[in-house]
Amino acid sequence: MKNNKLTNFTRGWFVGGFEPSLYNTTDVEVAVQHFKKGQHEASHCHKIATEITVIVSGKVKMNGQQFETGDVITLSPGEFTDFQALEDTITTVVKLPGALNDKYLKEE
């Protein structure tokens, strides 16, 4: 048995084709992320990957819709979303396939 800490990984991403990673693969990427109330991410999409976000705890706004603990949001390739933590929030994110350099910011 091995032990590690989520804080040892970049933005909570601990499985995927990057370093550091507990399991290096391009098949999938997995993260557990912590956001403080007010944190946000600019609108972006993935052209290759599907991204599944589970709201483990907290409340967020994505594309003007509110989501809360227990909600599971699936974004298909090419579908843009932004992200804002409306309260302290924990998410689990699965991105498949684990396509590196597949994040495209929405042009204003």
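All figures in this text were calculated on a predicted structure; none of them were measured in a lab.
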Indicate yes or no: at least one non-hydrogen side-chain atom of V60 is less than 4.5 angstrom from one of L86.
no
Any chance you could measure K37, atom NZ, to Q84, atom CD, to the nearest 0.5 Å?
10.0 Å
Is the backbone of A42 close enough, under 3.5 Å, to the side chain of D82 for a donor and an acceptor to pair up by distance?
no
Is a side-chain N or O of N24 found less than 3.5 angstrom from the main chain of G17, in a donor-acceptor match?
no
In terms of heavy-atom contacts, C45 and G78 come closest through CB-C, 3.9 Å
How would you list, by chain and number, every residue that makes a side-chain hydrogen bond (donor to acceptor under 3.5 Å, both in side chains) with H46, sequence neighbours excluded?
E51
Which value, rounded to the nearest 0.5 Å, describes the distance between H44 atom NE2 and F80 atom CZ?
9.5 Å
So, do T50 and P77 sit near enough that their side-chain heavy atoms are less than 4.5 Å apart?
yes
Here's a test for you: under side chain to side chain contact (heavy atoms under 4.5 Å, CB included), which of T25, T26, I48 qualifies with P97?
I48
Could you tell me whether the side chain of L100 reaches within less than 4.5 Å of the side chain of E29, counting heavy atoms only?
yes
Using 0.5 Å steps for rounding, measure from the OG1 atom of T81 to the NZ atom of K61.
11.5 Å
Ignoring hydrogens, what is the shortest heavy-atom contact between P20 and T10? Give both atom names and the distance.
CD-OG1, 4.1 Å
Are the side chain of T53 and the backbone of I73 linked by a donor-acceptor contact shorter than 3.5 Å?
no
For Y23, the hydrophobic cluster (side chain heavy atoms closer than 4.5 Å, chained through members) also holds L6, F9, F14, V15, L22, V28, V30, V32, I52, V54, V56, V72, I90, V94, L96
Residues pairing under salt bridge (Lys or Arg N to Asp or Glu O under 4.0 Å) where one sits in residues 11-21, two or more places apart or in two chains, turn out to be R11-E41
Output the distance between atom CD (E68) and atom OG1 (T89), rounded to the nearest 0.5 Å.
10.5 Å
Looking at OG of S43 and CD of E107, how far apart are the two atoms once the value is rounded to the nearest 0.5 Å?
11.5 Å
Nearest-0.5 Å distance that lies between atom OH in Y104 and atom NZ in K47
5.0 Å
Single-linkage hydrophobic cluster, 4.5 Å side-chain cutoff, L75 and W13 together
no
